[in-house]
Peer 1: 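Below are the structure tokens for one structure; questions will follow.
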Amino acid sequence: MTELLERAIAKLKTLSSSEQDAIAAMILEELEDDLRWDEAFSQSPDALAKLGAAAMAEYRAGKTQELDPETL
């Protein structure tokens with residue numbers, strides 16, 4: 001276990017049981033979500049590459065516009 005993770009767990013131990021459970025649930029959901037993304041990308045690397053190529057083609061053709069960071 002890394003030092004950073006040990007520090008985080010030490011802080012978590014000071015929280016109430018309900019707070020610990022809430023954070024544990026968030027961590028587990030995040031880990032499961034990462035696994036789903038990894039699986040999805042591993043099953044369709046060609047599709048992702050095609051989407052990237054299409055986006056670059058639109059950019060080079062002048063069919064895109066810059067996003068305004070204030071509206072995001």
Side-chain angles (χ1 to χ4, degrees):
M1 183 179 310
T2 68
E3 181 181 332
L4 182 59
L5 184 55
E6 286 178 0
R7 287 186 6 225
I9 290 173
K11 286 191 177 205
L12 288 172
K13 288 180 180 181
T14 67
L15 301 176
S16 69
S17 295
S18 61
E19 290 172 314
Q20 289 180 24
D21 284 346
I23 292 173
M26 290 184 336
I27 292 169
L28 290 171
E29 287 176 26
E30 184 67 26
L31 292 171
E32 290 172 14
D33 191 46
D34 285 349
L35 289 174
R36 283 192 296 272
W37 277 107
D38 289 346
E39 185 177 316
F41 286 132
S42 71
Q43 292 177 1
S44 60
D46 292 338
L48 187 58
K50 288 178 185 176
L51 287 172
M56 288 305 297
E58 287 181 11
Y59 172 76
R60 289 184 188 111
K63 296 180 180 179
T64 60
Q65 58 184 338
E66 189 171 333
L67 294 175
D68 181 0
E70 294 183 19
T71 62
L72 296 177

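Below, all heavy atoms of this structure are taken into account, side chains as well, without hydrogens, waters or symmetry copies.
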Peer 1: Starting at CG of L4, measure out to CD of E6 and round the result to the nearest 0.5 Å.
Peer 2: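 If we round to the nearest 0.5 Å, L4:CG and E6:CD are 10.0 Å apart.
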Peer 1: Please name all residues satisfying side-chain hydrogen bond (donor to acceptor under 3.5 Å, both in side chains) with E58, sequence neighbours left out, ordered by chain then number.
Peer 2: none
Peer 1: Would you mind listing the cluster partners of L5? Hydrophobic ones only (ILVMFWY), side-chain contacts under 4.5 Å, chaining allowed.
Peer 2: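 Its cluster partners, ordered by chain and number, are M1, I9.
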Peer 1: A side-chain contact here means heavy atoms from C-beta on lying under 4.5 Å apart; do E30 and D34 qualify?
Peer 2: yes
Peer 1: Out of curiosity, L35 CG to E39 CD, how far, rounded to the nearest 0.5 Å?
Peer 2: 8.5 Å
Peer 1: Any link between Y59 and L51 through a network of hydrophobic side chains (Ile, Leu, Val, Met, Phe, Trp, Tyr) touching at under 4.5 Å?
Peer 2: no
Peer 1: Can you sort out the partners of S18 under side-chain hydrogen bond (donor to acceptor under 3.5 Å, both in side chains), two or more places apart, ordered by chain and number?
Peer 2: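 Checked S18 against side-chain hydrogen bond (donor to acceptor under 3.5 Å, both in side chains); matches are S16.
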Peer 1: Rounded to the nearest 0.5 Å, how far does CG of L31 lie from CZ of R36?
Peer 2: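 Output value for this atom pair is 10.5 Å.
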Peer 1: Are L12 and M26 linked, directly or through intermediate hydrophobic residues, by side-chain heavy-atom contacts shorter than 4.5 Å (ILVMFWY only)?
Peer 2: yes
